[in-house]
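Data block below; observations after.
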Amino acid sequence: MYINHLPAETWNWLKMNGSEVVGIPKLQNSIFTSDKNGDIDNTLDSLTRRNIDARDNGAMRIAAANKVNITGVGPDMDNLLFDNNITLNRYEINKGDSNVLKLKWTVKNQSAWASAIEIVVKKNCKAVVFEEFESESDASAHLAIQTKIVLEEGASINLIQLQRMGSGVTFINDIGSMQDEKSTFDLKEVIIGASKTYLGSRSNLVGDNSEFNAEVAYLVENKDKLDMNFVEFQKGKKTNSNLDVKGILRDEAFKIFRGTIDFIRGCAGSKGSELEDVLLLDDTIVNQTIPLILCDEEDVEGDHGATIGQIDDEKLFYLKSRGIKEEDIYEMLAKARLHSVISKISDEEIRNKWESFISE
């Protein structure tokens with residue numbers, strides 16, 4: 001299974017263009033809970049295969065331009081779910097601006113689960129969606145989740161994904177949004193734990209004045225791996241994307257971040273921004289970052305960057321002079337990055353729960 005492909009390839013010998021995932025067992029439909037508040041309909045449907053090669057960016061662009069909801073992990077995720085007979089769970093938000101949907105997965109030891117979620121927000125409607133992914137600390141399992149967002153004209157969604165997985169869990173988390181004009185997709189992502197996490201997110205900003213905003217906070221430690229791919233496909237006029245990623249790496253952790261702003265011809269007046277800020281707490285980690293801007297349109301504004309480093313010596317000296325132990329300083333700074341996203345969760349019960357996790 002080939003996933004998280006970079007839309008414009010770099011040198012193959014760097015082994016950063018995408019990831020091969022092997023050893024995925026036979027998957028079953030996940031057991032998860034659903035709590036709906038508002039005008040939300042839930043139906044079941046079947047999936048289809050995607051005959052698109054993720055390495056063919058031209059084909060990916062054409063498909064997205066024709067409103068095929070291409071995702072960040074890529075077409076192989078669609079085919080994995082189809083081949084394992086996974087059922088599509090579709091949620092439709094039909095009216096109103098106070099709709100709330102809460103989905104929660106509690107992964108069992110030795111389980112091999114998958115879910116396909118599609119959330120359709122109708123014209124001018126609003127929704128807040130929580131997706132929580134948890135397991136026991138020593139669980140060994142596989143979980144594959146695909147969340148597709150469809151936003152009609154003027155619709156908006158706030159998707160909050162919260163991950164706290166055990167040391168033996170492999171988690172593939174796939175997101176894709178198809179957005180009509182004046183729609184807004186806000187994504188908040190907190191990643192704590194899992195042996196291997198593959199996160200792919202693609203926002204297909206096809207409609208004029210559509211917008212995507214993402215805030216991501218992660219902590220990767222021990223020998224865990226985090227593999228991320230974010231693509232902002234900006235086709236409509238005056239579209240806007242903002243990606244802010246904050247992370248902490250320690251022990252022998254591995255992380256790769258691919259972030260692409262893809263300005264398509266005709267997207268005049270569009271803006272895109274992406275920034276990753278990584279704090280390195282040990283010399284034994286592996287950190288890879290590829291910020292990328294593709295541009296077929298002159299009248300656009302794009303900026304990207306990465307800040308990678310250790311704690312500033314002056315800051316460390318100042319905090320130690322105030323009587324704070326060095327190991328406590330590292331913990332404090334790590335928790336602050338996670339807190340920066342968790343503190344913005346609107347649901348008090350969920351926010352307090354996840355604040356308690358990072359305080360342990």
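These figures come from a predicted structure and were not determined experimentally. No hydrogens, no waters, no symmetry mates; every other heavy atom, side chains included, goes into these values.
- Of all the heavy atoms in G272 and Q234, the pair that sits closest is CA-OE1, 3.9 Å.
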Quiz item: For L162 and K188, what are the C-alpha separation, side-chain angles and deciding distance, and is it a side chain to side chain contact (heavy atoms under 4.5 Å, CB included)?
Solution: CA-CA 8 Å; L162 303 164; K188 293 179 177 62; over 6 Å; no
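- The two residues N240 and L205 have their closest heavy-atom pair at O-CD1, 3.8 Å.
- Taking the six-membered ring where the residue is Trp, W105 and F32 present parallel rings, their angle staying beneath 30° rather than reaching 60°.
- Between the side chains of N89 and N42, not a single donor N or O lies within less than 3.5 Å of an accepting N or O.
- Atom CD of E9 has more than 12 heavy atoms from other residues, nucleotides or ligands within 6.0 Å.
- Contact annotation: the side chain of V128 approaches that of I160 to within less than 4.5 Å [non-hydrogen atoms, C-beta and beyond].
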Practice problem: Would you sort out whether N213 and E211 count as a side-chain hydrogen bond (donor to acceptor under 3.5 Å, both in side chains), showing the intermediate values? | Solution: CA-CA 7 Å; N213 304 293; E211 184 173 345; 2.9 Å; yes
Self-check item: M228 vs R258, side chain to side chain contact (heavy atoms under 4.5 Å, CB included): CA-CA, chis, key distance, verdict
Solution: CA-CA 6 Å; M228 293 182 286; R258 308 174 191 86; over 6 Å; no
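- Exactly one of L243, I175, I149 qualifies for a side chain to side chain contact (heavy atoms under 4.5 Å, CB included) with L187. That residue is I175.
- Side chains of K255 and T289: a donor-acceptor N/O pair is present below 3.5 angstrom, by distance only.
- W354 and F357 have perpendicular rings, their planes meeting at more than 60° on a 0 to 90° scale where under 30° would count as parallel.
- Shown here for S135 and G166, the closest heavy-atom pair between the two residues is OG-N, 2.7 Å.
- Here the two rings, on F171 and Y198, have centers that are 6.0 Å apart or farther.
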Quiz item: Would E232 and D262 count as a side chain to side chain contact (heavy atoms under 4.5 Å, CB included) if you check the C-alpha gap in whole Å, the side-chain angles of each, and the deciding distance to 0.1 Å?
Solution: CA-CA 6 Å; E232 283 67 72; D262 194 358; over 6 Å; no
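- Using a 4.5 Å cut-off between side-chain heavy atoms of Ile, Leu, Val, Met, Phe, Trp and Tyr, with links allowed through other members, F185 and V129 fall into the same hydrophobic cluster.
- Side-chain N or O atoms of N173 include none that pairs as donor or acceptor with a backbone N or O of T197 at under 3.5 Å.
- Residues S210 and E181 have side chains that never bring a donor and an acceptor to within less than 3.5 angstrom of each other.
- Surrounding NZ of K36 are more than 12 heavy atoms belonging to other residues, nucleotides or ligands, all under 6.0 Å away.
- The environment of K353 atom NZ is dense: over 12 non-hydrogen atoms of other residues, nucleotides or ligands sit within 6.0 angstrom.
- I172 and I256 fall into different hydrophobic clusters, defined by Ile, Leu, Val, Met, Phe, Trp and Tyr side-chain heavy atoms under 4.5 Å apart, directly or through other members.
- Side-chain N/O atoms of S115 and S30 include a donor and acceptor closer than 3.5 Å.
- Between L292 and E274 the shortest heavy-atom distance is N-OE2, 3.2 Å.
- L81 and I145 fall into different hydrophobic clusters, where Ile, Leu, Val, Met, Phe, Trp and Tyr residues are linked whenever their side-chain heavy atoms come under 4.5 Å apart, directly or through other members.
- A side-chain donor-acceptor contact under 3.5 Å links D303 and S273.
- T71 and D174 share a donor-acceptor pair across their side chains, judged by distance under 3.5 Å alone.
- Among D78, D83, D76, the one residue that satisfies the salt bridge (Lys or Arg N to Asp or Glu O under 4.0 Å) test with R49 is D83.
- A single hydrophobic cluster is seen to contain both M165 and L103, as judged by linkage of ILVMFWY side chains at heavy-atom distances under 4.5 Å, directly or through other members.
- When only modelled atom types and interatomic distance are considered, N99 and N37 share no side-chain donor-acceptor pair under 3.5 Å.
- N84 and L27 get closest at one heavy-atom pair: OD1-N, 2.8 Å.
- Nearest heavy-atom pair, V121 versus I157, reported as atom, atom and distance to 0.1 Å: CG2-CD1, 4.2 Å.
- Using a distance-only test at 3.5 Å, with no hydrogens or angles considered, a donor-acceptor pair links the side chain of D56 to the main chain of G58.
- No more than 12 heavy-atom neighbours from other residues, nucleotides or ligands sit within 6.0 angstrom of CD on E136.
- Looking only at atom types and distance, the side chain of S270 has no donor-acceptor partner in the side chain of E297 under 3.5 Å away.
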Practice problem: Apply the test salt bridge (Lys or Arg N to Asp or Glu O under 4.0 Å) to residues K122 and E152: give CA-CA distance (whole Å), side-chain angles for both, the deciding distance (0.1 Å), then the verdict. | Solution: CA-CA 5 Å; K122 296 294 187 177; E152 295 187 359; 3.5 Å; yes
Exercise. List the steps, then state whether salt bridge (Lys or Arg N to Asp or Glu O under 4.0 Å) holds for D180 with K123.
Key: CA-CA 9 Å; D180 283 344; K123 183 177 179 179; over 6 Å; no
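- D35 places no side-chain N or O within donor-acceptor distance of the main-chain N or O of L101, the cut-off being under 3.5 Å.
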Practice problem: Could you walk me through whether F133 and V107 pass the side chain to side chain contact (heavy atoms under 4.5 Å, CB included) test, one step at a time? | Solution: CA-CA 8 Å; F133 311 106; V107 179; 6.0 Å; no
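- F257 and I3 fall into different hydrophobic clusters, where Ile, Leu, Val, Met, Phe, Trp and Tyr residues are linked whenever their side-chain heavy atoms come under 4.5 Å apart, directly or through other members.
- No donor-acceptor pair closer than 3.5 Å links the side chain of D282 to the backbone N or O of R250.
- Listed for the D224 side chain is no donor-acceptor partner under 3.5 Å among the backbone atoms of A253.
- In this structure, R202 contributes its side chain and G176 its backbone to no donor-acceptor pair below 3.5 Å.
- Within the cation-pi definition used here (under 6.0 Å to the ring centroid, within 45° of the axis), R61 does not qualify as a partner of F233.
- The main-chain N or O of G72 is found under 3.5 Å from a side-chain atom of N229 such that the two form a donor-acceptor pair.
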